[in-house]
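One structure is given below, encoded as structure tokens.
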Amino acid sequence: MSSDHVQSTEYSAALASEGSVEAPYLELLARGASADAYEQPVLLARAEGRPAERIAALEAAKLLALRVRSDMEGRRRREAELSALFETAHDLAGLRDLDAVLRAIVQRARSLLGTDVAYLSLNDPVRGDTYMRVTEGSVAARFQQLRLGMGEGLGGLVAQTARPYVTDDYFADDRFQHTHTIDAGVRDEGLVAILGVPLTLGHHVIGVLFAADRRARVFEREQIALLGSFAALAAAAIDTANLLTETRAALTELERANEIIQDRSGVIERASDVHDRLAELVLRGGGVHDVAAAVAEVLDGAVEFTDAAATPAEALETSRTEGHAVRHADDWIAAVAAGGELLGALVLHGHPGLDPVDQRTLERAAMVTSLLLLARRSAAEAEQRVRGELLDDLLDARDRDPRLLRERATRLHADLDATHAVLAARLDSTAADADQEAAARRRLWSAASHLAATRHGLAAARDGGTVLLLPLEAGDSATDLARRTARQLGSAVHEPVTVGASAPVRDLAAHPDTVAAAYEEGRRCLDALRLLGRAGDGAAVEDFGFLGLLLAGDRDIAGFVDRTIGQVVAYDERRGTDLVRTLDAYFACGMSPARTKDDLHVHVNTVAQRLERVGRLLGDDWQSPGRTLEIQLALRLHRLSASVRR
């Protein structure tokens with residue numbers, strides 16, 4: 001036994017003897033002791049003949065400490081997973097060698113899942129089968145050289161269904177087709193438990209990512225999701241590499257064309273210039289607008305990147321289908337696409353007679369633009385997931401350490417000490433089927449995540465909609481923020497979006513429970529808007545009058561009374577009049593001036609004059625049904641609060 005361990009045991013015993021049952025476990029937590037070490041204080045107390053109550057208290061403290069240790073290990077594991085995903089996304093953004101990126105993905109997947117083997121297979125469309133591309137931890141040569149026919153083995157099942165599959169015992173599982181070749185390779189490797197997730201580009205499965213153990217094992221849902229995240233990055237890496245290869249090939253073609261048409265030195269010089277600029281942009285991680293600016297300078301024209309929705313549809317589709325820039329009036333349009341997905345277009349304005357080489361330059365620039373967009377999307381999706389996870393933790397109050405919450409928020413450029421509003425957003429259109437509805441929700445989440453990132457806030461998908469935590473600027477109200485957010489999200493997804501906002505909330509790091517309560521308040525506002533037929537609008541609790549008292553989690557009775565009859569109360573206090581008492585009597589007498597004057601023992605003209613003054617203070621519509629209901633409620637609450645003060 002080491003001297004450090006002996007000293008630690010003696011220190012724990014000394015702390016336990018001094019009366020604190022928690023102290024030895026805090027020391028064990030501080031030095032990251034193993035789970036077995038947590039039995040030591042209890043065993044020591046029993047050996048010393050401590051009272052039963054003392055031993056029971058130590059047992060209870062031990063269980064609590066083990067639970068804390070488990071939570072700490074879970075957090076460390078999640079941090080390691082996120083770090084690995086970030087590192088992989090970073091590798092993808094700076095993609096140079098596809099094999100190196102895929103090896104890193106497989107290695108990290110094996111390490112984080114703690115499996116004996118991890119491997120990745122890709123489909124070969126020419127031979128019509130699947131082959132091993134990368135393996136990690138494999139020791140059998142036959143296994144590393146396997147080629148599987150489509151539909152064979154567990155990988156074939158994953159490829160057919162485009163869904164993850166897991167088997168605890170490969171050879172006892174009859175859900176997929178066993179073949180002699182595959183079984184022999186698996187047996188050589190000694191694999192028992194296998195998890196496979198699909199690599200997909202769009203709706204097409206291009207391969208499978210596996211994690212496997214040489215013993216029976218149950219893969220947890222979080223581990224399946226983690227492997228799925230690595231699979232998504234692997235698919236993006238493959239797609240990005242293909243696009244990069246196409247770009248390099250296109251640039252090579254451009255260089256060959258330059259050699260053929262040496263007599264056209266001006267065109268060649270422009271093409272060489274754009275080649276150098278685009279290559280430099282790719283190498284230093286430039287943006288889409290940098291590409292447009294570089295091409296505009298070389299082609300001596302105005303070039304802009306436009307969204308697919310803002311580009312002439314027929315010309316855009318023709319460019320995507322043919323793979324060339326097409327003329328539209330006096331403009332040229334080159335589709336920016338990746339894997340069949342339209343990402344937008346590069347539009348060259350005012351060049352009806354474009355040279356063929358310059359046309360090819362515009363097309364190559366569109367390819368480079370698609371590559372940059374994919375890399376930026378990968379990084380943005382990783383950041384969106386992290387923002388959503390922080391907001392989920394705040395909503396579920398999973399992390400109550402203010403310092404850690406602030407640090408996590410700071411990394412995302414958010415300030416939890418600022419005043420915020422929690423907003424619940426939901427689409428109001430009805431989708432034709434479940435797939436369309438899921439796609440619409442993804443668009444809403446993506447738009448909300450982008451808005452949160454630009455506003456230094458947070459966003460997460462929840463309860464069929466999206467929840468946002470956005471800071472309130474000086475002079476801004478929750479109502480203004482809700483309405484503005486409804487307009488911005490609606491414009492982004494091209495569908496009406498209804499937004500309900502909570503009252504302003506503060507000190508979120510110190511009081512994380514506030515976020516969950518504010519979210520429920522925002523949801524109630526959202527439901528009220530939809531019930532009132534105000535779909536596509538935004539509002540906060542303060543917009544609903546006395547209904548706001550029912551919607552608010554923290555009933556602002558004083559605020560409601562002040563907004564409703566505050567001017568009348570203030571007038572009485574300044575002038576020493578009886579307008580509040582007159583209003584009480586007026587409503588109690590069925591809004592009859594004649595009966596009111598008898599109740600107050602004043603002349604009917606006095607009643608009329610007082611009611612006229614009330615009308616000037618509250619507005620001409622103060623006797624409308626809706627207003628009278630609010631005023632009567634405010635009067636009663638005013639009387640109740642006055643009696644409480646007395």
Point-to-point distance, once rounded to the nearest 0.5 Å, from [atom1] of [X] to [atom2] of [Y]:
X	Y	atom1	atom2	value
Ile206	Thr130	CD1	OG1	11.0 Å
Asp239	Leu201	CG	CG	4.5 Å
Glu630	Ser624	CD	OG	8.5 Å
Thr306	Leu346	OG1	CG	8.0 Å
Asp415	Thr410	CG	OG1	7.0 Å
Leu195	Leu227	CG	CG	5.0 Å

Please list, chain by chain and in numerical order, all residues satisfying salt bridge (charged side-chain N to carboxylate O under 4.0 Å, His left out) with [X], sequence neighbours excluded.
X	result
Glu407	Arg403
Arg411	none
Arg327	none

Which pair of heavy atoms, one from [X] and one from [Y], lies closest together, and at what distance?
X	Y	answer
Gly538	Ala486	N-CB, 4.0 Å
Ala345	Ile333	CB-CG2, 4.0 Å
Ala335	Arg320	CB-N, 3.7 Å
Ala231	Leu209	N-CD2, 3.7 Å
Arg455	Leu470	CB-CD2, 4.1 Å
Leu427	Ala440	CD1-O, 3.3 Å

Would you find a donor on one side and an acceptor on the other, under 3.5 Å apart, between the side chain of [X] and the backbone of [Y]?
X	Y	answer
His420	Ala418	yes
Asn123	Pro125	no
Ser502	Val422	yes
Glu521	Ala503	yes
Thr498	Gly536	yes

Can you name the residues that form a side chain to side chain donor-acceptor pair (under 3.5 Å) with [X], not counting sequence neighbours?
X	value
Arg442	none
Arg484	Asp476
Arg360	Glu253, Glu363
Glu314	none

For a salt bridge (Lys or Arg N to Asp or Glu O under 4.0 Å) with Asp463, tell me which candidate from Arg426, Arg441, Arg523 qualifies.
Arg523
Determine, stepwise, if the pair Thr240 / Val101 fulfils side chain to side chain contact (heavy atoms under 4.5 Å, CB included).
CA-CA 11 Å; Thr240 302; Val101 174; over 6 Å; no
Results of side chain to side chain contact (heavy atoms under 4.5 Å, CB included) for [X] - residues two or more places apart only:
X	result
Thr161	Leu157, Arg163, Tyr165
Ala425	Leu468, Leu489, Val497, Val499
Asp124	Val126, Arg127, Asp129, Tyr131, Arg147
Val205	Ala159, Ala162, Pro198, Thr200

Quick one, [X] and [Y] - any side-chain contact, counting heavy atoms below 4.5 Å?
X	Y	result
Ile238	Leu102	yes
Thr514	Asp507	no
Glu495	Asp428	no

Set of residues satisfying ring pair (Phe, Tyr, Trp, His ring centres under 6.0 Å) with respect to Phe210, sequence neighbours excluded:
Tyr119
